[in-house]
Structures are given as structure tokens and as C-alpha cells.
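Below is one structure, written out as C-alpha cells; the observations come after it.
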Amino acid sequence: MRQRRSLAAVVTAAALCLPGFAAAAEPGEQAGPTGHQPERQLTDVIPAPVEAEPDPRADYRLTPFTVIRTQPGSAEARQVGTYLAETLRPATGYHLPVVSWHRPVPREISLLLGKADPRIGDEGYQLDVARHRVTIRANTAAGLFAGTQTLRQLLPAEIEADRTQRRSWTVPGGRIVDYPRFPYRGAMLDLARHFHTPDEVKAYIDELAQYKVNHLHLHLTDDQGWRIQIDSWPRLTTVGGGPGTGVDGVGGGYLTKAEYADLVSYAQSRFITIVPEIDMPGHTNSALSTYAELNCDGVAPPPRTDIEVGYSSLCIDKELTYTFVEDVIREVAAMTPGPYLHIGGDEAHATTDEDYQKFMDRVLPMVYKYGKRPFGWNEIAKVSPPTSAVPQYWGTTNTNAELAEAAARGHKILMSPANKAYLDMKYDESTPLGLSWAGYTEIDDAYDWNPGNHVDGVGEDSVLGVEAPLWSETLRDLDDIEYMAFPRLPAIAELGWSPWSTHDWASFRERLAEQGPRWELRGVDFYRSPLVDWK
Ligand code: TNX
């Protein structure tokens, strides 16, 4: 009884105070079994769900009376409910109280743990839309979160507005059962070539989360700049990340440990794990020019902000190199709760193969020593690292002997083929930003490849997942980032989440068109590819 009374109080408050109530109460706007067509179909979602069974008689209408009820006793489920309420309140103007009651209430959206389709696993969910309630069930809070992101896309695009919209809010009826194809669905942001502020990274995280991306790899160090505070080598950031250390001498900056920790927890609240990268032994000019003693000859090279690659190397035969690397790995591991630490290893053209082997033989064990699983660009496959190390494929061909051998030895591989998944490649010759060394990458190129058989000898079972790297030699601000990431990021996200059986360019381009108005309402810049009939 008490529960019912407090609900009544809430609803009255909504009816009296909130502008959305008046809009919803307008005559002729009542949702009903007849007449009112939802604008969205149950399958209008990116990434495409595993299974969707529409029921046109079961459309649900969000109203000022809707309550979000989360699993009793689960603080995590409640956080997901609160985030859902926060995303739906601005456009609806509804109160959308979040409660954790045991008993169902009328007109609820409930987020519940357990009792779902057994296929959903750790990250999947089951979404049931019926006349009077929406129920999301999952085994974990991550699954509930994924379900809420689907629900968000099933509402009309205006749900993304930041001010109250005078309209009705209908969700198409039916059931979705959905779970990921690969455990790792990632994006990468390069903070080294141009620094991007914590607020910019957070804005990107907010977008990634909507497409069920669950890892954000931060490329934190490179020839131009060093972007993460390391207490034992303090000049790395004050000098190596100082003013003028962006490409062409533009910008500079770095993350303090506090800012990094804040980013980690912000990402966590959207079920995204941060993967830090310290690139070595190449791509290290910022460290070498900051600390002269790290160089073989003890002489610091000048800082560089051009975009050449492959000229720098840590000094492989100097013991101080390993003191330095261990200090950095120890501190980065300590500030990173996620399981992975990326040690780069790409384009070490200034390091001989023998030295590269020596270096990795010393450094890989350090990553394990501090409790992390190493990631490296695919070049690390050539040193036969322990099989739990993850090579990240960035090549442009469908054959790579070292990678196939690594898969045969039992490695999981992360797929980021540069001619498909690199978000910094130009869309076509007229794209004002980006590079083109791996070719132009239109949205259909980004979409049309199968991570499960892209490289000979690297089958579905050897693939950990996919990642879309965004290198920022040419990207200075958030608009630049967004213009290159959208619409290609959702293509890579779908390849990581949706089963290959749903893969369909015609369907994808239609679903993508529906994202356009959402990006506009959120102020997200994007490339209006001529291959898509934008809404
Ligand atoms: C290659 S991909 C690089 C980066 C560049 C990128 C630009 C890789 C592992 N290394 O250093 O930023 O191309 O597209």
C-alpha cells in the first residue's frame, strides 16, 4: 500500500508540474491498439539485434506516469535505471522516477536481473515491449545497459532533443533477444598527435556506448607528445606533453592521474573499459627528447611535431631503458582497473629485429608482473610472445603469415584492418581531414568485411573482437573526431556485436539513415555519405 501511495504522489507531481504532461494529455494523441503507428520498427537498431519478433498489438507508450523500476537490491541496476531516466527526461519532460520495488507497477520500464533467455550470456539482454510495460532482463548490469541503449534507439529520434518536445513517445511492441558476437568491441583515440581534453573524450564515450562498444583504447604516447602523468618521470608530461607538442606545434596537454581516473570511472559507468597504450620501442621521440639519458649517446634529439613515423627507438642495450619502462608500466597498470595494457610495438623501423626481440623479451614479462594482459600492434606476433598476448592487426591485406601462426599457437587477435576500420582514412579524395595511405574508406567499405574470416588462417574462434582506431595527426577538436567517426564507427560496432547472419548492407544503410537526425539533435558532426539516404 505504501508503495502505491508514493507512486500516486509522484504521478500527481508529474501531472502538476511538468510541461511534458500537458503535451501527452492532448486529445487525439492517445496511444491505442488501433490507429497509432510507431515510427520505429523493432529492428531499426544499430548494431542489428540477434533476434527480433515484432508484435504490432503490443506497442508501448511512454507517459508522464511511466516509472523505471530496477532490480531490488542491485545498486548497479539502479545506476543503469538512473542513466536511462537521465537520457529520457530532457526530451519527454517526464519525471520518470527510478524505484527499486519488488512489485511491478503499472506503466513501468523494468530492468531486472536473471530469468532471461539462456543465450544472452554476460553482456546480452532480452527486451520485451508490451502494451503496459517494457521489461529488460539480463544476467549483468552490462546486459541491462545494452538493453537500455536499444530501447533508446527504438524511441523516435526526437528523444535525443535537449528540450521538451510536444509529442508522443511510442516503442514498437515485441521481443528482442540480443547478445554480442565478440567479447571485445573497441574504439581507439589518439591523444598523442593532438591532445583531446577529458570532456572531449567523455563526449566520445557517450557516443560509443550507444552502439554497444565496450572498450576505449587510448593511444597516450608517441613521437610528438606524452599525454599521461608518470610520477617517477615527471618531465614526460611537463615537457613532453607541454605546450606546442601537438602536430605542427599546435596545442599540447596531458592527462593528470586524477583526470585519467575520472575518465576510467566515467567510461565504467557506460560499461566501457579503458585500455591504455604506451607505444614502444618506436614512437618514443617525446620521451627521448625529454630525457637525454634515455638515448644511447646521451644526447636528446629535438622535439618533433611532424607526422613522419619509424625514426625513433628506445636504447635497447641501456639498462636505464628498462628502469624507465618498468616505472611507466607499473604506474599505468596501477591506475588502470581494466585487464589490458597495450605496449604498441608498431613501426619500429629504427630498431633491428634482434633488438626488437630483446626489448620485448624484457618488457612483456613486466606487463604480467603488474597484473595486466599485453596488447600490441601485430608486429609483436613476430617475437612469439606468450599466447595470452593479443596482437592487434592493422594491415591492409588478407594474408599475414605471422598472424596466422599466432592464431595457430592459440593467440586471440584483435581486428583493425587499416583499409576498413581506420577512422582516420579519408572517405574520398574530397575529405578535408584524415590521411589516405590505406586508401579511401567510404561507409560501405567500412561495413563490408567479415572479421571472422578477413585474414587467412585467423578464424572466428581466434578473433577477440574488432576495434576502430582514430589517429589524430589531422584532427584537432571534437568536431573533427566526430566527422571522421560517424557514420563509420557504427559500422565497425555492428561487425563486433551482430551475428554475421544479420549482415546486410541494404538494411544497414537504412538503419544508418535514421541515426542522422539523432546526431543532429545531439550536436554530433558527421559525414553525410552520398551512399545513404539521410532522413
Ligand atoms: C600507422 S597503425 C600508425 C600510426 C599512424 C597511423 C595513421 C599503427 C600501428 N601505426 O602511427 O598514426 O598509421 O593512419
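No experiment lies behind these values; they were computed from the predicted model shown. Order of listing sets the numbers, starting from 1, for every ligand and every atom in it. Index from 1, following the sequence.
Of the residues Trp449, Trp497, Tyr447, Phe508, the one that meets the ring pair (Phe, Tyr, Trp, His ring centres under 6.0 Å) test with His503 is Tyr447.
Applying the salt bridge (charged side-chain N to carboxylate O under 4.0 Å, His left out) criterion to Lys372, with sequence neighbours excluded, gives no partner residue. With sequence neighbours left out, the side-chain contact (heavy atoms from CB on, under 4.5 Å) criterion links Asp353 to Lys382. With sequence neighbours excluded, the residues that form a side-chain contact (heavy atoms from CB on, under 4.5 Å) with Ser286 are Trp226.
Sparse packing is recorded around CD of Glu76, with 12 or fewer heavy atoms of other residues, nucleotides or ligands lying under 6.0 Å away.
Residue-level contacts of ligand 1 at the 4.0 Å heavy-atom threshold are Arg193, His283, Asp346, Glu347, Trp377, Trp394, Tyr422, Asp424, Met425, Leu435, Trp437, Trp471, Glu473.
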Q. Do Gln153 and Gln210 pass the side chain to side chain donor-acceptor pair (under 3.5 Å) test, and can you show the C-alpha distance, the side-chain angles, and the key distance before you say yes or no?
A. CA-CA 8 Å; Gln153 287 190 40; Gln210 296 180 52; 5.8 Å; no
